[in-house]
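This report concerns only the one structure given below.
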Amino acid sequence: MSNVLTIHGGKPLKGSVTVRGAKNLVPKAMVAALLGSKPSVIRNVPEIKDVEVVTGLLRLHGVVVEHNKEAGEIYMDPSGLKIANNAEIDAFAGDSRIPILFCGPLMHAIGAAFIPDLGGCKIGDRPIDYHLDVLRQFGAEVSKEPGGTYIRAPYRLTGAKLELPYPSVGATEQVLLTAVKADGITELKGAAVEPEIHDLIHVLQKMGAIITVQTDRTIRIEGVPELGGYNHTALNDRNETASWATAAMVTDGDIYVEGATQRDLTAFLNVYRKIGGDFEVSDAGIRFWRGGADLNPLVLETDVHPGFMTDWQQPLVVALTQAEGVSIVHETVYENRFGFTDALIRMGASIQLHRECLGSVPCRFGQRNFLHSAVISGPAELTGTDFTIPDLRGGFSHVLAALAAKGTSRATGIDVINRGYEKFFEKLEGLGADIEIPIKVK
Ligand code: EPU
């Protein structure tokens, strides 16, 4: 059984949407609650699948979790923390990548953790070697067995001098969530410094952690024996904001995103303006619309923060199919994040993928067999088609292209979108999209 969304294209999206806490922060802040000796409260919580997954995993580990959905607030009491059943962890985690972040907190509390074989979006191999490597350096023993990976701490974990080969968001969070209660000092070089990382640091600081972020991607953590609880309002989801902003541009609409924060979107707003979009920033949000009749092509490279984020790339490629001329996009974060362009090409877009690095940002994928650069010629007239949602942002892009296309499209596998977009169908309908919301079909 799968869900099908029917989209009749050609209507500009107009109106307002609200974005709440970031998908890439809230579940991690929930994991941090495991480190505390007292209850924690996270606010501004969106109703998305990743929050449900972590709620389930915390409960399996004996944490009392109360979710007030209307208030967007989750209360977590870890005082009854216990070992969970591996089969249940596996069943509950589904294809989420969050379970790997339970390792540090669980090793501090009960000496061991189990990571089921992980899922996530179909955007590359997404290995966990950096995670396992740093855990070993804290003193953990890692053993890969059928169905998952066992991590054990035979002794108390000890702070270490660490360096990541690439500023991975997840591996940086892994280090933070482990080092805060390890013995002694941890120094992490080559850390990710995304706004969501800073917000996780704020959460940990509220719990009693001592963390310094230096100017050169080095994070220094002084381990403490005990942490308390926290009370925190999550930063808003800048990736959801960028998606709706791009929807306004592509459909020639006008969308006010309540909760959009300029501070976390500088790189996006520059590109948005260069393509021909316009925006007006207010205290409570940002209004986005298409500035003139034509969109401009451009050369773009994704990068780690403060660069242009990879999660903004996929929706933006749809806008570039509508620009007058040739655009180049060099994806340097994931080796395989252009798979979604197949459906755009079937809809009429002109996109060629290349293995070469078409850009100057240092990239790990050059001279290898990865189609990680795209040349997009526009403007192309898009026609509705049937497609299957490949991954979260790729899925948003497909829906966006269908909204801008002539005729009708049918999207299967639409559940993937609920991993990161709260009340997606309601929001689309509120903006005036002509859609038939999902029914289950065989
Ligand atoms: N990498 C490794 N080994 C590792 C870890 C990462 O090779 O052990 C590589 C990855 O394969 C990738 C690169 O390092 O090529 C960056 O991966 P990173 O660890 O930074 O990504 P992540 O933590 O798994 C988070 C977000 C992603 C977002 C990236 C980059 C969450 C739950 N996910 O993933 O969000 O694209 O950081 O900012 O926070 C999305 O929201 O659609 C999404 C995919």
Side-chain angles (χ1 to χ4, degrees), residues 19 21-31 46 48-51 53-54 93-103 115 118-137 142 149 162 164-177 190-200 217 234-235 237-243 264 267-268 302-316 331-337 339-340 361-365 368 370 372 389-397 416-422:
V19 297
K23 158 190 159 285
N24 292 350
L25 177 272
V26 173
K28 292 126 184 216
M30 291 173 71
V31 177
I48 54 170
K49 186 75 198 308
D50 277 11
V51 168
V53 169
V54 182
D95 60 1
S96 168
R97 289 178 61 81
I98 301 293
I100 193 165
L101 294 178
F102 278 65
C103 292
I115 314 166
L118 296 170
C121 290
K122 296 185 183 84
I123 54 180
D125 254 0
R126 304 193 77 180
I128 58 169
D129 50 334
Y130 304 166
H131 293 256
L132 300 182
D133 193 44
V134 293
L135 288 169
R136 283 192 192 97
Q137 293 189 61
V142 176
T149 304
L162 307 168
L164 292 176
Y166 183 78
S168 152
V169 169
T172 301
E173 292 160 344
Q174 182 75 265
V175 171
L176 288 168
L177 290 165
V193 291
E194 268 62 9
E196 292 78 13
I197 300 268
H198 282 281
D199 215 37
L200 182 62
R217 290 193 179 276
L235 88 169
D237 199 310
R238 65 199 171 109
N239 297 338
E240 188 180 354
T241 298
S243 297
D264 303 329
F268 176 79
T302 63
D303 206 349
V304 293
H305 188 77
F308 188 90
M309 199 179 177
T310 172
D311 296 323
W312 306 332
Q313 175 262 102
Q314 288 159 301
L316 207 86
E331 167 63 56
T332 75
V333 180
Y334 290 110
E335 69 275 26
N336 190 21
R337 215 172 191 177
F340 75 102
V361 168
C363 169
R364 297 161 293 151
F365 314 132
R368 296 170 69 194
F370 301 123
H372 71 293
I389 300 293
D391 61 80
L392 182 62
R393 310 294 168 195
F396 189 95
S397 310
V416 174
I417 299 252
N418 297 326
R419 279 196 41 221
Y421 292 93
E422 181 180 39

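Counting convention: from 1, in listed order, for ligands and their atoms alike. Owing to the predicted nature of the structure, the values given are computational and were not obtained by experimental measurement.
By the criterion of a heavy-atom distance under 4.0 Å, both the backbone and the side chain of Val169 are placed next to ligand 1. Contact annotation: for Lys23 versus ligand 1, heavy atoms closer than 4.0 Å belong to the side chain alone. The proximity of His131 to ligand 1, defined as any non-hydrogen pair under 4.0 Å, involves the side chain as well as the backbone. For Tyr130, heavy-atom contacts with ligand 1 shorter than 4.0 Å involve the backbone as well as the side chain. Under 4.0 Å from ligand 1, not a single heavy atom of Glu173 appears. Contacts with ligand 1 closer than 4.0 Å are made by side-chain heavy atoms of Met309 only, the backbone lying farther away. Contacts between Arg337 and ligand 1 below 4.0 angstrom, taking non-hydrogen atoms only, involve the side chain exclusively. Under 4.0 angstrom from ligand 1, the non-hydrogen atoms of Thr310 all belong to its side chain.
Using a 4.0 angstrom heavy-atom cutoff, His305 does not count as in contact with ligand 1. Pro127 counts as a contact of ligand 1, since one of its heavy atoms falls under 4.0 Å from the ligand.
Between the CD atom in Gln313 and the OH atom in Tyr334 there is a gap of 11.5 Å [rounded to 0.5 Å]. Going from atom OH of Tyr166 over to atom OG1 of Thr332 covers 4.5 Å, rounded to the nearest 0.5 Å. Once rounded to the nearest 0.5 Å, the distance linking OG of Ser168 with CD1 of Ile128 reads 11.0 Å. One distance of note links CD of Glu194 with NE2 of His198; it measures 8.5 Å at 0.5 Å rounding. Gln174 CD to Ile100 CD1: the interatomic distance, rounded to the nearest 0.5 Å, is 5.5 Å. Atom CG of Asp237 and atom CG of Asn24 lie 7.0 Å apart (nearest 0.5 Å).
Less than 4.0 angstrom separates some heavy atom of Ile128 from each of these atoms of ligand 1: 8 (O). Those atoms of ligand 1 that come under 4.0 Å of a heavy atom in Arg364, given as number and element, are 9 (C), 13 (C), 14 (O), 15 (O). Under a 4.0 Å criterion applied to the non-hydrogen atoms of Lys28, ligand 1 contributes the atoms 31 (C), 32 (C), 39 (O). Of all the atoms in ligand 1, the ones that sit under 4.0 Å from a non-hydrogen atom of Leu392 are 42 (O). Atoms of ligand 1 found under 4.0 Å from any heavy atom of Arg97 (numbered from 1 in listed order, with element): 24 (O).
Closest approach of Ser243 to Arg393, counting heavy atoms only: OG-NH1, 4.3 Å.
Considering backbone and side-chain N/O atoms, Tyr166 never comes within less than 3.5 Å of an N/O atom of ligand 1. Considering backbone and side-chain N/O atoms, Glu335 never comes within less than 3.5 Å of an N/O atom of ligand 1. Here's the thing with Gly170: one of its N/O atoms is less than 3.5 angstrom from an N/O atom of ligand 1. Between Glu194 and ligand 1, no N or O atom pair is found at a separation short of 3.5 Å.
Between Arg97 and Asp50 there is no salt bridge, since no side-chain nitrogen of the basic residue lies less than 4.0 Å from a carboxylate oxygen of the acidic one. A salt bridge links Lys28 with Glu173; the closest basic N to acidic carboxylate O contact falls under 4.0 Å.
Side chains of Leu392 and Lys49 form no contact here, defined as non-hydrogen atoms less than 4.5 Å apart.
For atom 15 (O) of ligand 1, the nearest non-hydrogen atom from the set Ile100, Thr172, Asp237, Val333 comes from Val333. Comparing heavy-atom distances from atom 30 (C) of ligand 1 across Phe365, Phe396, Trp312, Tyr334 singles out Tyr334 as nearest.
For Phe365, the ring-ring contact (aromatic ring centres under 6.0 Å, His included) test picks out Phe370, His372, with sequence neighbours left out. For Tyr421, the ring-ring contact (aromatic ring centres under 6.0 Å, His included) partners are Phe396, Phe424, not counting sequence neighbours.
By the 6.0 Å and 45° rule, Arg238 does not stack over the aromatic ring of Phe268.
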